[in-house]
Peer 1: 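Sharing a structure below in structure tokens format, with a few things to ask.
Per chain, numbering begins at 1; letters A, B, ... match sequence-line order. Since the structure is predicted, the reported quantities are computational estimates derived from the model, not experimental observations.
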Number of protein chains: 2
Amino acid sequence: MNTVKVPDIIVSRLPVYLRALQRMSDAGVVSTSSQELGEKVGISAAQIRKDLSQFGEFGKQGTGYYIPFLIERLSKILKVEQVWDVAVVGMGELGHAIVRYQGFGNRGFRVVMCFDSDPGKIGNLVCANQSDCTFVIRDTKDLVRDIRESNVKLAMLCTPASAAQEVADQLVEAGVRGILNYAPLRLIVPASVKVQHIDPAIYLQRMTFYID
Amino acid sequence: MNTVKVPDIIVSRLPVYLRALQRMSDAGVVSTSSQELGEKVGISAAQIRKDLSQFGEFGKQGTGYYIPFLIERLSKILKVEQVWDVAVVGMGELGHAIVRYQGFGNRGFRVVMCFDSDPGKIGNLVCANQSDCTFVIRDTKDLVRDIRESNVKLAMLCTPASAAQEVADQLVEAGVRGILNYAPLRLIVPASVKVQHIDPAIYLQRMTFYID
DNA sequence: TAAACTTTGTGTTGAATTGCACAAAATCGG
DNA sequence: CCGATTTTGTGCAATTCAACACAAAGTTTA
């Protein structure tokens with residue numbers, strides 16, 4: 001079942017399915033079809049069925065998919081039945097916004113620590129909400145030790161481009177296995193570490209091409 | 001030259017090339033090869049040459065590409081020789097971070113107005129930097145009028161999921177042609193409007209799949 | 001100048017991805 | 001209970017995308 005390697009492009013669609021299913025579930029819907037799900041996510045019904053069939057048979061002919069079951073299976077496949085601890089490095093505007101934003105919890109992630117190298121920021125508190133200031137900005141010098149000790153496997157990199165590769169190297173050394181990179185450059189990391197990119201300017205430029 | 005439709009997947013790579021070229025240029029490098037550029041962006045040299053050849057012949061055999069010229073051509077192709085005005089809707093943590101962040105300027109974009117529907121926020125100032133508070137949070141009720149009057153064609157949508165589709169409809173009505181959507185759902189818009197998605201949780205879930 | 005390199009642009013081949021179509025299985029209506 | 005309907009999972013065909021390979025054009029070296 002999982003012996004043959006699943007193409008990356010299929011894996012990349014699974015979180016999209018999961019998100020739509022969770023939304024439907026929150027709205028009280030308990031079952032759906034590949035047709036209906038496809039309309040919600042903008043992917044053909046056949047594509048969805050093929051993707052899911054890579055991991056087993058989750059649906060029933062004539063009925064479709066039972067949403068709670070499919071959510072459970074997709075969560076397990078993506079390993080988000082557990083909640084992953086995440087570290088944030090670089091506490092500029094973006095880093096602050098991410099730490100304060102508490103919306104990842106129900107998607108399988110929670111921020112547990114944050115770092116900066118600016119002496120003017122180290123030791124400052126970041127308030128997650130008005131009553132609760134849980135986060136102390138740590139010194140990036142302690143990053144390798146702190147992350148390794150707390151066994152954090154994911155990080156969001158929000159430093160300027162100039163510091164990004166150096167921080168990435170430290171994250172790798174600390175045992176991090178996935179980096180969500182907000183710095184505008186490609187990071188060089190070992191193949192065992194996954195990197196995903198978020199660069200708003202790139203997305204904007206992908207749209208302006210199409211505007212007369 | 002541009003008579004045959006350029007595949008989306010090629011368009012999506014152009015901003016990545018441009019970003020790397022601008023970085024090289026900033027570092028004082030004036031020429032490069034498809035080989036070298038490919039190593040920087042993680043794409044094969046042949047792929048880069050094929051992509052660029054869709055738009056003309058920009059390189060020279062034996063020498064490679066003259067960076068200032070290639071930057072100019074790519075900027076023109078992506079229509080970012082001009083600076084695009086962008087509106088931000090939804091002034092939560094993320095919206096604030098985006099408005100305060102002034103790093104889009106040299107990529108072809110600048111935030112010019114922002115909106116929220118919360119009466120407690122409307123009229124508040126958002127400081128872009130310590131000395132200069134340029135942005136007043138406008139009422140989303142005025143969105144269609146204000147955006148149309150100022151001829152803004154791009155927007156970043158940072159509202160909660162529950163408000164996103166309604167806001168998107170208004171943006172379309174106001175004449176916006178590209179929406180960078182941070183809300184965790186797919187927006188339904190006419191084909192003439194482009195949407196790009198940014199959902200950090202989805203990127204994180206694409207990585208956890210690969211972590212034992 | 002001439003030979004050895006370098007590098008582009010592109011025709012061709014091969015691989016990956018998507019779309020189509022349908023048998024099989026389940027439900028529904030009367 | 002049975003025919004009509006819905007919907008899955010999947011083999012096959014079509015299309016899209018990426019890799020390969022090389023002639024042509026330019027540069028460098030001696």
Side-chain angles (χ1 to χ4, degrees), chain A residues 1-17 20-21 24 29-74 77 186 206 209, chain B residues 1-17 20-21 24 29-74 77 186 206 209:
Chain A
M1 186 147 52
N2 222 337
T3 46
V4 215
K5 189 192 174 295
V6 181
D8 288 355
I9 195 159
I10 292 183
V11 174
S12 77
R13 283 191 292 259
L14 299 182
V16 179
Y17 303 156
L21 290 164
M24 283 192 247
V29 185
V30 295
S31 92
T32 189
S33 63
S34 58
Q35 175 74 37
E36 187 188 38
L37 181 58
E39 281 160 16
K40 292 223 191 282
V41 299
I43 294 173
S44 79
Q47 184 78 81
I48 291 175
R49 294 201 300 275
K50 267 249 170 81
D51 287 353
L52 295 179
S53 74
Q54 288 276 324
F55 302 94
E57 308 197 352
F58 303 143
K60 239 187 193 162
Q61 278 128 327
T63 314
Y65 300 91
Y66 179 58
I67 292 180
F69 174 69
L70 190 49
I71 287 177
E72 186 201 308
R73 297 308 306 266
L74 282 176
I77 290 165
R186 190 177 77 106
R206 283 176 184 167
F209 175 87
Chain B
M1 184 146 54
N2 224 338
T3 46
V4 216
K5 191 194 173 297
V6 181
D8 288 355
I9 194 160
I10 292 183
V11 175
S12 77
R13 283 190 291 259
L14 300 182
V16 178
Y17 303 156
L21 290 164
M24 283 191 246
V29 185
V30 295
S31 93
T32 188
S33 63
S34 58
Q35 175 75 38
E36 187 188 37
L37 181 57
E39 283 161 15
K40 293 223 191 283
V41 300
I43 293 173
S44 79
Q47 183 77 79
I48 291 175
R49 294 201 299 275
K50 267 255 169 74
D51 286 353
L52 295 178
S53 75
Q54 288 278 323
F55 302 94
E57 307 197 351
F58 304 142
K60 238 187 193 160
Q61 280 128 326
T63 313
Y65 300 90
Y66 179 59
I67 291 179
F69 175 68
L70 190 50
I71 287 177
E72 187 201 308
R73 298 308 306 266
L74 281 177
I77 291 165
R186 191 176 76 107
R206 283 175 185 167
F209 175 87

Peer 1: Roughly how many Å is it from OH in Y66(A) to P in dT8(D), rounded to a whole number?
Peer 2: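 Between P of dT8(D) and OH of Y66(A): 17 Å.
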Peer 1: For DNA chain C, whose closest nucleotide is more 5', that of T63(A) or that of I10(A)?
Peer 2: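 Its nucleotide being nearer the 5' end, the pick is I10(A).
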Peer 1: Atom CZ of R73(B) and atom C1' of dT8(C): how far apart are they, to the nearest Å?
Peer 2: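 R73(B) atom CZ is separated from dT8(C) atom C1' by 16 Å.
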Peer 1: dG19(C) P sits how many Å from Q35(A) CD, rounded?
Peer 2: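 So the CD-P distance, Q35(A) to dG19(C), works out to 13 Å.
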Peer 1: On the nucleotide dT8(D), are OP1 or OP2 found under 4.0 Å from the side-chain N or O atoms that R49(A) carries?
Peer 2: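 Yes, within the criterion.
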Peer 1: Looking only at non-hydrogen atoms, find the nearest pair between V6(A) and V11(A) and report the distance.
Peer 2: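 Smallest heavy-atom distance, with atoms named: CG1-CG2, 3.9 Å.
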Peer 1: Apply the test side chain to side chain contact (heavy atoms under 4.5 Å, CB included) to residues R206(B) and V16(A): give CA-CA distance (whole Å), side-chain angles for both, the deciding distance (0.1 Å), then the verdict.
Peer 2: CA-CA 10 Å; R206(B) 283 175 185 167; V16(A) 179; 4.1 Å; yes
Peer 1: Classify L52(A) by what it touches in the nucleic acid, base, sugar-phosphate, or nothing, heavy-atom distance under 4.0 Å.
Peer 2: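 Answer is nothing: L52(A) stays at 4.0 Å or more from every strand.
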Peer 1: When you check the phosphate oxygens OP1 and OP2 of dA18(D), does a side-chain N or O of R13(B) lie under 4.0 Å from one of them?
Peer 2: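 Yes, R13(B) has a side-chain N/O under 4.0 Å of OP1/OP2 on dA18(D).
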Peer 1: Given atom CD of Q54(A) and atom C1' of dT10(D), what is their separation to the nearest angstrom?
Peer 2: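 Interatomic distance, CD of Q54(A) to C1' of dT10(D): 12 Å.
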Peer 1: Under 4.0 Å between a side-chain N or O of Y65(B) and OP1 or OP2 of dG9(C)?
Peer 2: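 Answer yes for this pair, as a side-chain N or O of Y65(B) is under 4.0 Å from OP1 or OP2.
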Peer 1: Keeping the roles fixed (side chain from R186(A), backbone from E39(B)), state whether a donor-acceptor pair exists under 3.5 Å.
Peer 2: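 Yes.
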Peer 1: Any idea which heavy atoms bring S12(B) and I9(B) closest together, and the distance?
Peer 2: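 Nearest pair, atom of S12(B) first, then I9(B): OG-O, 2.8 Å.
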Peer 1: NZ of K50(A) versus P of dA21(C): gap in Å, rounded?
Peer 2: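 In whole Å, dA21(C) P and K50(A) NZ are 13 Å from each other.
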Peer 1: For the side chain of K60(B), starting at C-beta, report the closest nucleotide among dC20(D), dC22(C), dG26(D).
Peer 2: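 The answer is dG26(D).
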Peer 1: Just the rounded figure in Å: distance from P of dT15(D) to CG of D8(B).
Peer 2: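 Roughly 18 Å, once rounded to whole Å.
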Peer 1: Nearest of dT10(C), dT18(C), dT8(C) to any side-chain atom of I9(A)?
Peer 2: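 Shortest atom-to-atom distance from the side chain points to dT18(C).
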Peer 1: With a 4.0 Å cutoff (strictly under), does any side-chain N or O of S44(B) reach OP1 or OP2 of dA18(D)?
Peer 2: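 Checking S44(B) against dA18(D): no side-chain N or O falls below 4.0 Å of OP1 or OP2.
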Peer 1: Can you measure L37(B) atom CG to dT7(C) atom C1' for me and round it to whole angstrom units?
Peer 2: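 In whole Å, dT7(C) C1' lies 14 Å from L37(B) CG.
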Peer 1: Does S34(B) put a side-chain nitrogen or oxygen below 4.0 Å from OP1 or OP2 of dT7(C)?
Peer 2: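 S34(B) to dT7(C) OP1/OP2: no side-chain N or O under 4.0 Å.
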Peer 1: Check the distance between dT6(D)'s C1' and E36(A)'s CD and give it to me in whole angstrom.
Peer 2: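 Roughly 13 Å, once rounded to whole Å.
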Peer 1: Answer whether the closest heavy-atom distance between the side chains of L52(A) and L70(A) falls below 4.5 Å.
Peer 2: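 Answer yes - side chains close enough.
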Peer 1: Quick check: any donor-acceptor pair below 3.5 Å linking the side-chain of Q61(B) to the base of dT7(C)?
Peer 2: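 When only heavy-atom distances are counted, Q61(B) does not reach the base of dT7(C) through any donor-acceptor pair under 3.5 Å.
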Peer 1: Using heavy atoms to find the nearest nucleotide of DNA chain D for G62(A) and G59(A) separately, return the residue whose nucleotide is more 5′.
Peer 2: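 Going by which nucleotide is closer to the 5' end, it is G62(A).
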